[in-house]
Amino acid sequence: MADTTAAVTYGSYLKIEELLALQQPRSEGPEHDELLFIVIHQVYELWFKELLHEFDRIAALLTADETSRAQHTLKRVLTILKVMVAQLDILETMTPLEFLSFRARLDAASGFQSDQFRQIEFVLGVKSEQAIRRFSEHGRARSALETRYHAPTLWDAFLQYLAREGYNVPAARLQRDPTTAPEPSPEIQEILIDLYRRDVKNAELCERLVDLDEGIQEWRYRHAKMVERTIGAKPGTGGSSGAAYLRETVGRPLFPDLWAIRSRL
Ligand code: HEM
């Protein structure tokens, strides 16, 4: 019998036809720069998807006490973050007037409504019930956010791991409510100071978590600056005050204990 299955090709495997049909400008013409705007957002959403995939892996590896593989995966995440920050340079080649040529066609659309970005925040401990309610019930985004809202954060997986490594993590910290942000903890800070002084393997892991925290803050800072140079003090399409709102989100650490110990080491 003849084999009727078509051979896999570059195009069929990567769904190139479908992929190239997904960029649909809304402006008349369309305006030249709208394609860049769409492509860059879609690329970010793909990186967000990959980051979530890798964060789940890091949590699973920590839970399996596979420290060096967890660290290896964390290194990948950090490399992706560097690329994500660098990509903002491309968008900064778009002038305020070029953006204005199609901005009105965005209506209320804004990165503010990216559920994958909120999922990343949830994994990293920035939890918000309000953020979930913005998405329609029973949809993919809503159910993904609900699951991540109730799931332990990366910091929780790290504390559980430290307890199994023999550190005296207080029970209250191990059983904390995962729907809240991790609060700074003097007890955890004592543990971390001790760890940094005598446990090279885990101090390395902590440093990679600091890199991650700094990388997210770097993205927030660069995005806020890009917004400021593109739309100045105008409100955002998502309904916030714009650059002023974004500035407030910059500089808030994800893992405050890892920052607090620096002045005591
Ligand atoms: C010219 C380009 C851009 C402008 C002018 C812009 C503007 C803004 C503004 C004003 C906000 C605040 C919320 C609002 O009221 O809309 C915001 C939020 C946000 N934007 Fe952008 N943005 C741009 C590009 C991007 C890109 C390429 C991404 C990548 C996905 C992105 C992701 C986000 C995210 C995730 C938020 C929510 C941040 C938070 O709530 O902490 N933005 N953006």
Side-chain angles (χ1 to χ4, degrees), residues 10 13-16 19 22 36-94 111 114-126 144 148 151-159 161-162 182 192 195-196 199-227 246 249-259 261-262:
Y10 180 83
Y13 179 61
L14 297 173
K15 308 236 177 289
I16 299 296
L19 186 64
L22 294 175
L36 170 67
F37 191 77
I38 293 173
V39 166
I40 201 145
H41 279 86
Q42 290 182 341
V43 167
Y44 271 111
E45 285 297 329
L46 290 175
W47 282 131
F48 291 162
K49 182 174 184 171
E50 177 64 21
L51 283 188
L52 287 164
H53 186 59
E54 301 295 355
F55 282 136
D56 289 343
R57 175 96 169 155
I58 294 167
L61 288 169
L62 283 178
T63 305
D65 299 323
E66 300 226 33
T67 325
S68 75
R69 290 178 72 201
Q71 213 162 299
H72 170 75
T73 310
L74 202 44
K75 182 82 181 57
R76 177 179 295 168
V77 162
L78 296 172
T79 312
I80 294 171
L81 259 179
K82 288 272 173 224
V83 169
M84 285 171 58
V85 171
Q87 281 177 9
L88 288 170
D89 289 346
I90 309 173
L91 210 45
E92 283 186 340
T93 64
M94 184 174 70
S114 165
D115 72 277
Q116 291 203 106
F117 182 79
R118 298 295 166 218
Q119 286 189 56
I120 290 172
E121 287 193 321
F122 283 12
V123 170
L124 299 177
V126 186
R148 294 211 183 263
T153 68
L154 188 61
W155 184 248
D156 294 315
F158 173 67
L159 292 185
Y161 162 81
L162 282 189
L192 291 172
L195 179 155
Y196 262 78
D199 181 350
V200 177
K201 177 187 77 171
N202 286 316
E204 275 291 311
L205 181 59
C206 288
E207 285 299 284
R208 297 296 77 75
L209 290 174
V210 176
D211 288 341
L212 171 61
D213 197 333
E214 199 174 337
I216 297 282
Q217 291 185 50
E218 196 182 351
W219 187 86
R220 287 191 196 274
Y221 170 78
R222 285 291 317 276
H223 171 264
K225 275 287 155 200
M226 179 202 62
V227 170
L246 293 168
T249 69
V250 177
R252 278 190 210 149
L254 297 167
F255 313 126
D257 290 328
L258 282 173
W259 294 91
I261 60 167
R262 304 231 146 220

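For this chain, numbers begin at 1 and follow the sequence in order.
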**Study point:** Nearest atoms (heavy-atom pairs only) where V85 meets G215
**Key:** CG2-O, 4.3 Å
Check your understanding: NZ of K201 to OG1 of T67: how many Å apart, nearest 0.5 Å?
Key -> 4.0 Å
Check your understanding: Between the main-chain N or O of L22 and the side-chain N or O of Q42, is there a donor-acceptor pair closer than 3.5 Å?
Key -> yes
**Study point:** Note: K49-E45 ion pair, threshold 4.0 Å (strictly below)
**Key:** no
Review point. Between F48 and F117, what is the ring plane arrangement, given parallel below 30°, perpendicular above 60°, and tilted in between?
Key: tilted
Point to revise | Sidechain-backbone polar pair: R262 side chain, L258 backbone, donor-acceptor under 3.5 Å | key: yes
Revision key, fill the gap. The reported gap from CG in L154 to CG in L62 (rounded to nearest 0.5 angstrom) is 6.5 Å
Exercise for review: Quick one: closest heavy-atom pair of W259 and P253, and the distance?
Suggested key: CD1-CB, 3.5 Å
Exercise for review: Would you tell me whether Q119 and R148 have side-chain atoms, one donor and one acceptor, within less than 3.5 Å of each other?
Suggested key: yes
Exercise for review: Check L254 against D213 and note the closest heavy-atom contact, atom names and distance.
Suggested key: N-OD2, 2.9 Å
**Study point:** K225/E218 salt bridge by N-O under 4.0 Å criterion
**Key:** no
Exercise for review: Please assess W47 against Y44 for the test ring pair (Phe, Tyr, Trp, His ring centres under 6.0 Å), listing each intermediate value before the final yes or no.
Suggested key: CA-CA 5 Å; W47 282 131; Y44 271 111; 9.1 Å; no
Practice item. Would you indicate whether the side-chain heavy atoms of T153 and L124 approach each other to under 4.5 Å? Key: no
Point to revise | T73: which of E54, R208, H53 passes side-chain contact (heavy atoms from CB on, under 4.5 Å) | key: E54
Check your understanding: For R69, which of E66, H72, Q71 qualifies under side-chain hydrogen bond (donor to acceptor under 3.5 Å, both in side chains)?
Key -> E66
Point to revise | Reference residue R222; test side-chain contact (heavy atoms from CB on, under 4.5 Å); the match among D89, L91, V250 | key: D89
Review point. To the nearest 0.5 Å, how far apart are CD1 in I40 and CE in M84?
Key: 10.5 Å
Review point. Quick one: do D115 and R118 make a salt bridge, cutoff under 4.0 Å?
Key: no
Review point. Is the CZ atom of R220 crowded by more than 12 outside heavy atoms at less than 6.0 Å?
Key: yes
**Study point:** Worked check of side-chain contact (heavy atoms from CB on, under 4.5 Å) between L195 and L162
**Key:** CA-CA 10 Å; L195 179 155; L162 282 189; 3.6 Å; yes
Point to revise | Point-to-point distance, once rounded to the nearest 0.5 Å, from CD1 of I16 to OH of Y10 | key: 4.5 Å
Review point. Where do L78 and L212 land on the side-chain contact (heavy atoms from CB on, under 4.5 Å) test, with the steps shown first?
Key: CA-CA 6 Å; L78 296 172; L212 171 61; 3.9 Å; yes
Exercise for review: Please indicate whether Y221 has more than 12 foreign heavy atoms, meaning atoms of other residues, nucleotides or ligands, lying under 6.0 Å from its OH.
Suggested key: no
Check your understanding: What is the distance from atom CG of D211 to atom OG1 of T79, rounded to the nearest 0.5 Å?
Key -> 10.0 Å
Review point. What is the minimum heavy-atom distance between A224 and L246, and which atoms define it?
Key: CB-CB, 3.9 Å
Check your understanding: So which heavy atom on L192 is nearest to which on C206, and how close?
Key -> CD2-SG, 4.0 Å
**Study point:** Beyond-backbone contact of V83 with Q87, side-chain heavy atoms, under 4.5 angstrom
**Key:** yes
Practice item. Take L88 and W219, measure what side-chain contact (heavy atoms from CB on, under 4.5 Å) needs, and give me the verdict at the end. Key: CA-CA 9 Å; L88 288 170; W219 187 86; 3.9 Å; yes
Review point. Would you call L205 and L74 a side-chain contact if the rule is heavy atoms closer than 4.5 Å?
Key: yes
Check your understanding: So how far is it from L209 CG to F158 CZ, rounded to the nearest 0.5 Å?
Key -> 5.5 Å
